[in-house]
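To find a chain, count down the sequence lines: A is the first, B the second, and so on, and within it residues start at 1.
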Number of protein chains: 2
Amino acid sequence: MQQHILSPNFSVDCVVFGFDFENLKVLLVERTLDDKETGKALVKDHTLAGNHVFNDEDLDEAAARVLYDLTGLENIYLEQFHTFGNPDRLTKEKDIMWLESIGLNPENRVVTTAYYSLIRLNDVKIEEKGRRLVWHPVDKPIDLAFDHKIIISLALEALRTKIRTNPIGFELLPTKFTLSQLQKLYEEIFGVTYDKRNFRKKISRMDYLVPLNEKQKGVAHKPAQLFMFSKDVYEKTKKDFFDFTV
Amino acid sequence: MQQHILSPNFSVDCVVFGFDFENLKVLLVERTLDDKETGKALVKDHTLAGNHVFNDEDLDEAAARVLYDLTGLENIYLEQFHTFGNPDRLTKEKDIMWLESIGLNPENRVVTTAYYSLIRLNDVKIEEKGRRLVWHPVDKPIDLAFDHKIIISLALEALRTKIRTNPIGFELLPTKFTLSQLQKLYEEIFGVTYDKRNFRKKISRMDYLVPLNEKQKGVAHKPAQLFMFSKDVYEKTKKDFFDFTV
DNA sequence: GCAAAAGTGTTGGGATTACACCCATGG
DNA sequence: CCATGGGTGTAATCCCAACACTTTTGC
């Protein structure tokens with residue numbers, strides 16, 4: 001039996017979210033193709049992290065592998081959210097050129113299963129691996145390959161739905177964080193603003209958000225109390241219909 | 001270019017939910033394979049409604065087609081919720097036998113994209129099309145083909161998540177329904193019970209649940225007021241972060 | 001008249017909203 | 001001493017959970 005053949009029909013794409021305390025960002029890979037003769041750029045845009053699936057590999061494994069290959073990170077929060085199988089999804093002209101340039105057959109139907117993942121933005125070394133990576137604000141338009149634009153927008157929707165009832169925002173924050181950082185994160189994800197006092201009142205009811213005996217350092221203002229998320233306390237106290245809506 | 005070839009690698013499966021005012025049910029297809037010599041049943045269990053995807057067909061179209069072929073119904077509520085691509089998902093012995101018996105190669109990897117759909121149970125004529133269909137209570141164990149058991153349990157989870165914030169329960173009810181029927185539906189979906197008065201108080205805040213000038217007929221007790229769901233009112237009055245949790 | 005489900009109100013506690021000022025630090 | 005973000009309280013309203021009895025119909 002053959003091993004480790006990349007299946008021509010199945011792929012996975014990862015919408016990698018990160019938070020720099022300012023904006024919710026998406027990790028994109030630069031894609032360029034230059035005309036061999038003129039040197040002019042034929043294709044210059046961005047793609048999601050993605051790849052075909054090995055024949056003996058589960059989809060979840062493939063997504064984790066793609067992420068590992070790109071960032072060197074393991075045990076990342078990954079959530080499958082949608083599969084895109086439109087028969088025309090690879091038929092834009094620049095996509096055809098690009099597929100041909102890397103030796104793939106654009107006639108070949110590829111169905112991609114999309115995941116979103118949440119990582120601590122600073123854990124990624126942007127320079128690594130020869131591939132040009134960029135963190136791009138999720139709400140700022142950018143030229144994208146294939147159907148990756150719609151994939152990102154569905155990923156954001158899926159993240160919003162999930163984070164309302166599950167404490168997954170902490171995957172985007174350092175272990176120790178301030179309440180203002182947490183608030184800003186939720187504001188960025190939902191594109192809204194919250195009242196500081198009301199937000200904190202809500203937080204104070206969540207026993208799994210535990211204050212540390214530690215304060216922010218080196219800031220030019222009153223240093224903030226640091227908090228951490230206790231998964232233990234969360235698991236023990238969560239109700240059946242737990243609502244994390246902020 | 002070839003047209004309408006069933007792709008050997010992609011399939012869709014539909015978890016069809018129905019409600020008979022007693023239980024939440026799933027529509028299953030009987031699967032039998034008898035030994036040609038002895039006549040003894042080699043395989044006797046149930047499968048989801050599913051099929052391979054045509055080469056020129058989107059996944060959503062394939063799911064709608066599968067549903068149409070089985071029930072004759074169109075414009076059904078359909079929601080993609082997960083894609084199952086475990087390389088071992090077709091390797092149980094009875095599944096191999098069955099695949100071979102219908103001329104499919106069990107070595108062939110099939111990734112299936114799963115949908116759940118909500119239909120008015122009485123709209124389906126169980127007898128049609130020569131295929132044996134059964135409505136089976138979603139929480140009662142039954143012997144299922146492939147990985148269909150896990151597909152159903154994820155479908156139920158996805159339905160629960162969706163119905164908390166979207167008024168989709170009405171897809172499972174007749175146009176005119178009573179509040180007790182609505183309550184029972186939510187109780188069955190979530191496996192809980194609600195207080196009648198509190199449930200009704202919540203309902204009375206929902207302007208899109210409109211009482212009709214009509215009552216139940218032919219029941220051996222006080223006949224109930226009939227209600228309908230107004231999509232118009234819902235669309236006009238829904239808030240951004242609308243919460244339909246019951 | 002009886003069985004069966006429909007329909008209805010109150011109370012206490014907790015959550016949500018709206019809103020404005022003083023505090024600690026680094027530069 | 002000033003700029004910056006950290007941190008806090010109250011009142012009004014709304015929502016939630018808990019709880020039991022009367023009404024209308026068919027038989």
N/O (side chain, A:S180) to phosphate O (OP1/OP2, D:dG6) under 4.0 Å: yes
Any B:K202 side-chain nitrogen or oxygen under 4.0 Å from OP1 or OP2 of D:dC16: yes
Interface polar pairs with nucleotides 25-27 of chain C, N/O, under 3.5 angstrom:
residue : atom : partner : partner atom : Å
C:dT25  : O2   : A:A220  : O            : 3.4
C:dT25  : O2   : A:H221  : N            : 3.4

Between [atom2] on [N] and [atom1] on [X], what's the gap in Å once rounded to a whole number?
| X | N | atom1 | atom2 | result |
| --- | --- | --- | --- | --- |
| A:E187 | D:dG5 | CD | P | 14 Å |
| A:F227 | D:dG7 | CZ | C1' | 11 Å |
| B:D195 | D:dC15 | CG | P | 17 Å |
| B:R200 | D:dC19 | CZ | C1' | 16 Å |
| A:L179 | D:dG6 | CG | P | 9 Å |
| B:F199 | D:dC16 | CZ | P | 13 Å |
| B:Y194 | C:dT8 | OH | C1' | 21 Å |
| A:K184 | D:dG5 | NZ | C1' | 13 Å |

Cationic N near anionic O, under 4.0 Å, A:D207 to A:K236: no
Short side-chain to backbone donor-acceptor contact, A:Q183 and A:Y194, under 3.5 Å: yes
Sugar-phosphate, base or nothing in reach of B:Q225, heavy atoms under 4.0 Å: sugar-phosphate
Sugar-phosphate only, base, or nothing, as touched by B:R205 at under 4.0 Å among non-hydrogen atoms: sugar-phosphate
Counterpart residues, side chain to side chain contact (heavy atoms under 4.5 Å, CB included), relative to A:D20 (two or more places apart): A:E22, A:N23, A:K25, A:L121
Ring centroid separation A:F177 to A:F170 under 6.0 Å: yes
Centroid-centroid under 6.0 Å between B:Y115 and B:F81 rings: no
Counterpart residues, salt bridge (charged side-chain N to carboxylate O under 4.0 Å, His left out), relative to A:E214 (two or more places apart): A:K176
Identified side chain to side chain donor-acceptor pair (under 3.5 Å) counterpart of B:D143 within the set B:R31, B:K94, B:H46: B:K94
DNA chain C: 5'-proximal contact among A:R197 and B:K196 (nearest heavy atom): B:K196
Residue B:N198, side-chain atoms from C-beta onward, closest of D:dA18, D:dG7, C:dT8: D:dA18
